[in-house]
Amino acid sequence: MCFNMPKTGTGVVGGDNMTGYKDCVLRINLNNGTIKKEKINAEYVKKFLGGEGYGIGLLWYEMPHNAKAFSPENILSFNTGPLTGTPTPSASRTSVVFISPLTNTIGASNMGSHFGAELKFAGYDSIVFEGASENPVYLYINNDTVELRNAEYLWGKDTRETTELLKNELGKEFKICCIGQAGEKLSKLACIFSDDCFAGRGGAGAVMGFKKIKAIAVKGEGSVEVFDKDRFLSVNKTAIKELRDETYTWGPVHGYGTLAWLDGANAYGILPTRNFLENSFADIESLLPYNIWNDKEKFKVNRRACYSCQLGCHKFVYMGKMEIGELEYETVSALGARCGVDSYEDIALAAYYTSIYGIDTISAGATVSTAMEWYEKGLIGKEDLDGLELNFGNGKSMAELIRKMGLREGAGDLFADGSFAAAKRIGGNAEDFVMAVKGMEISATDPRGSASMAIAFGTSERGACHMRPYSATIDAFGYLFSALDINEPKNPFDENESKEWLKAVKEYFVVTNLLGICDFNVINMEMSPITLAELYSAVTGIDTDKVELLKKAERTIALERSINYLRGFTRKDDRLPQRFINEPAPYGPPKGRVVDMDTALDRYYEACGYDKEKAIPKYEKYIELDMEDIAINVLR
């Protein structure tokens with residue numbers, strides 16, 4: 001069931017002010033092909049701000065809570081934030097929200113590029129897809145003109161072919177997001193592609209494929225109005241300074257992108273290696289960007305940036321004449337150390353396949369690494385792999401299996417829905433080797449080296465996620481952040497330590513998804529939440545502060561957990577695989593350490609005001625968050 005929807009209407013908190021927001025949502029009914037333009041829902045904005053929060057509001061109020069991912073009832077929405085399209089650093093983000101076919105939880109995947117800003121320039125805050133089309137379509141948006149168009153001729157094309165065809169047909173100024181063959185074939189690892197940025201995790205591309213949406217093409221000639229331009233310019237200078245003053249961000253990350261983290265993660269002992277059998281990769285030198293990218297005969301690297309980005313973390317790699325795409329930390333970790341592969345050429349080829357077919361690189365690499373352990377332990381053989389020898393370190397077989405996964409070709413069909421689904425089909429004790437939470441593969445941090453990351457992975461509402469939050473910055477790498485009252489170092493090996501700080505950091509990360517800015521603005525504690533609140537106030541004219549901003553994030557998280565609870569998720573699902581509980585880390589500072597998950601969960605639930613078994617807010621916490629209507633329906 002779903003619950004009564006708050007009334008739509010202009011005026012976010014009363015009055016006529018809507019700066020920052022365009023006050024227009026596109027609602028697309030794919031069952032009958034109708035398109036409606038409607039006012040933004042003021043109550044959603046008041047409670048959840050925008051971006052991901054707006055999309056979660058749609059799932060709660062407008063969708064049956066037991067809706068299946070592959071059903072017309074599943075709502076798929078693309079949601080900008082109030083800062084998207086402004087000159088705020090990295091104000092490029094779009095939150096894609098849906099029920100995930102990979103995890104059966106809420107799905108919330110965030111992408112950069114120029115798509116979100118262009119959608120705002122065209123005059124829209126969100127696109128809401130309902131129902132499912134019988135035939136392939138794409139959504140055409142040219143300012144006020146919005147049409148569903150036939151996409152039969154695009155079906156079967158990869159992501160770059162689709163993008164190029166649409167730009168040639170419509171004009172180079174159009175911004176495109178689309179799916180490749182993986183999404184068409186309903187791979188639960190399928191993602192959404194936009195100029196080599198991705199809404200990567202949870203199978204958003206498969207939901208697009210089920211609904212027969214091949215692409216969205218948008219062109220806008222408007223702008224995003226700012227309420228107080230002088231105040232905005234002043235605060236924005238502060239934001240840029242905060243970003244550039246963070247030495248590591250503006251040094252190695254600005255220079256080499258996220259690959260700059262590889263050697264640090266490896267030295268500290270949190271780099272997943274050979275399906276987490278190890279936590280450090282002996283052959284790391286062969287993967288480091290300042291070693292590889294100097295080989296001008298093999299590689300060329302260009303910097304690319306999303307809309308309004310200061311950092312320019314995208315390093316677009318060419319291998320000969322092949323346009324590989326961005327090789328970033330998660331991709332190289334997943335396809336490299338995690339699979340025991342030290343050949344940069346093999347990693348690059350595998351990454352190319354994930355880009356053109358539209359597959360999440362994290363889950364793809366993690367699934368192959370799991371398959372490698374199955375192969376070495378005899379649970380699968382060459383006869384299951386079209387003759388491939390899938391030992392750890394075999395980069396040629398890794399790349400070929402990922403190609404097959406993208407097309408559901410041969411043995412690729414077994415792995416196209418991720419490691420958890422493959423384990424179910426293989427049977428026996430195959431699940432023992434799956435490194436996933438709620439069905440989503442854990443990303444590139446070994447939680448034995450960071451107690452807070454054990455909690456972050458375990459309790460993430462969309463399944464194991466390194467950005468909800470990336471808290472190893474604090475407890476593993478020793479950052480302090482007075483803006484969140486983190487004034488003393490935290491112990492990365494103490495689950496029993498109070499996790500009030502972790503609650504605050506998670507809300508701080510989620511705020512970026514609500515505002516529509518990149519979380520690289522906060523991953524190293526760069527931009528203060530005070531600055532973020534002032535930016536929102538200057539853009540919208542709605543006075544807010546740090547406390548209220550974090551409260552909106554906390555409310556969004558609470559609503560996500562409420563949806564998951566009604567879908568059957570409780571404490572039992574907020575747990576890590578047994579490898580981290582029973583098998584000590586072999587290298588580095590975490591050597592000998594395992595995770596005490598029960599203690600970790602207890603401390604986190606206490607900090608959040610959650611019921612320790614239901615893993616949702618207690619009644620009094622719902623009341624504190626002004627969510628009594630939610631509490632009544634969840635706790636009855």
Side-chain angles (χ1 to χ4, degrees), residues 12-13 20 44-57 79 81-83 88 91 93 95 108 110 235 238-239 242 452 455-456 459-461 465 467-471 473-475 479-487 490 498-540 542-562 603-610 616-618 620-627 630:
V12 176
V13 288
Y44 294 179
V45 173
K46 182 178 179 181
K47 290 181 177 180
F48 312 115
L49 199 71
E52 179 182 320
Y54 197 89
I56 296 299
N79 307 280
L83 299 189
T88 303
R93 309 301 283 194
S95 286
N110 196 282
V235 178
T238 299
E242 288 174 343
S452 69
I455 298 170
T459 62
S460 171
E461 288 71 32
C465 174
M467 302 306 287
R468 299 201 166 225
Y470 187 73
S471 50
T473 301
I474 301 294
D475 65 352
Y479 276 63
L480 304 179
F481 197 49
S482 60
L484 292 179
D485 299 321
I486 302 171
N487 299 309
K490 303 301 176 183
S498 169
K499 294 300 181 283
E500 292 278 354
W501 69 269
L502 178 59
K503 171 183 178 291
V505 171
K506 180 170 182 174
E507 291 161 7
Y508 170 60
F509 269 68
V510 170
V511 161
T512 66
N513 296 343
L514 308 187
L515 291 173
I517 63 174
C518 181
D519 45 23
F520 275 20
N521 288 330
V522 303
I523 195 166
N524 285 333
M525 308 296 123
E526 299 98 337
M527 288 169 55
S528 165
I530 298 169
T531 303
L532 299 181
E534 290 182 350
L535 282 168
Y536 177 78
S537 298
V539 168
T540 65
I542 302 167
D543 285 334
T544 194
D545 58 18
K546 175 182 76 172
V547 173
E548 182 59 29
L549 212 56
L550 294 173
K551 185 176 182 180
K552 284 181 168 61
E554 184 180 13
R555 191 181 287 129
T556 299
I557 295 164
L559 191 61
E560 292 175 342
R561 296 195 76 85
S562 299
R603 296 293 86 77
Y604 182 70
Y605 293 158
E606 286 169 5
C608 294
Y610 292 171
I616 55 173
K618 296 177 181 178
E620 54 268 29
K621 172 56 74 170
Y622 278 119
I623 299 304
E624 178 189 323
L625 294 173
D626 303 317
M627 299 176 73
I630 312 297

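Quick caveat, the model's predicted, so the values are computed rather than measured.
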Pair K551 + D626, salt bridge at N-O below 4.0 Å: yes

Sidechain-backbone polar pair: D475 side chain, K490 backbone, donor-acceptor under 3.5 Å: no

Are P529 and F481 packed together at the side-chain level, in the sense that at least one heavy-atom pair is separated by less than 4.5 angstrom? yes

Would L550 and E554 count as a side-chain contact (heavy atoms from CB on, under 4.5 Å) if you check the C-alpha gap in whole Å, the side-chain angles of each, and the deciding distance to 0.1 Å? CA-CA 6 Å; L550 294 173; E554 184 180 13; over 6 Å; no

Within a strict 4.5 Å, meaning less than it, do heavy atoms of the T512 and M527 side chains meet? no

Do the ring planes of Y605 and Y610 sit parallel (below 30°), tilted (30 to 60°) or perpendicular (above 60°)? tilted

Lys/Arg-Asp/Glu bridge criterion (N-O < 4.0 Å) met for E606, R603: yes

Donor-acceptor pair, R561 side chain versus T459 backbone, under 3.5 Å? yes

Taking the side chain as C-beta and beyond, is there a heavy-atom pair between I517 and L532 under 4.5 Å? yes

Quick one, V505 and M525 - any side-chain contact, counting heavy atoms below 4.5 Å? yes

Do you know the tightest heavy-atom contact between G55 and N79? CA-ND2, 3.6 Å

From NZ (K546) to OG1 (T531), nearest 0.5 Å: 11.0 Å

Yes or no on side-chain contact (heavy atoms from CB on, under 4.5 Å) for Y54 and L514, after CA distance, side-chain angles and deciding distance? CA-CA 8 Å; Y54 197 89; L514 308 187; over 6 Å; no

Search all heavy atoms of P617 against all heavy atoms of Y622 and return the closest pair with its distance. O-CE1, 3.2 Å

Can you tell if the side chain of V511 reaches within under 4.5 Å of the side chain of E507, non-hydrogen atoms only? no

Mind listing the closest non-hydrogen atom pair of P82 and V539 along with its distance? O-CG1, 3.7 Å

Give, for atom SG of C608 and atom NZ of K499, the distance between the pair rounded to the nearest 0.5 Å. 11.5 Å

Could you state the interatomic distance from CD1 (I474) to CD1 (I486), rounded to the nearest 0.5 Å? 4.0 Å

Is any side-chain heavy atom of Y44 closer than 4.5 Å to one of I56? no

Residue pair C518 / N110, side-chain heavy-atom distance below 4.5 Å: no

Given the rule in the side-chain contact (heavy atoms from CB on, under 4.5 Å) test, do L49 and Y536 qualify, once you have shown the distances and angles that lead to the verdict? CA-CA 10 Å; L49 199 71; Y536 177 78; 3.4 Å; yes

Yes or no on side-chain contact (heavy atoms from CB on, under 4.5 Å) for S452 and W501, after CA distance, side-chain angles and deciding distance? CA-CA 10 Å; S452 69; W501 69 269; 3.5 Å; yes

Between S537 (side chain only) and T544 (backbone N and O only), is there a donor and an acceptor less than 3.5 Å apart? yes

For the CZ atom of F48 and the NZ atom of K552, what is their distance to the nearest 0.5 Å? 10.0 Å

Closer than 4.0 angstrom, basic N to acidic O: yes or no for R468 and E52? yes

Would the distance check show the side chain of D545 and the main-chain N or O of E548 forming a donor-acceptor pair, the cut-off being under 3.5 Å? yes

Are N487 and S482 close enough that a side-chain donor and a side-chain acceptor fall under 3.5 Å? no

Inter-residue atom distance I616.CD1 - I557.CD1, 0.5 Å rounding: 15.0 Å

Which pair of non-hydrogen atoms, one from L535 and one from A239, has the smallest distance, and what is that distance? CD1-CB, 4.1 Å

Whether the side chain of S460 engages the backbone of A456 through a donor-acceptor N/O pair (distance < 3.5 Å, no angle test) should be reported. no

Do the side chain of E242 and the main chain of S528 share a donor and acceptor less than 3.5 angstrom apart? yes

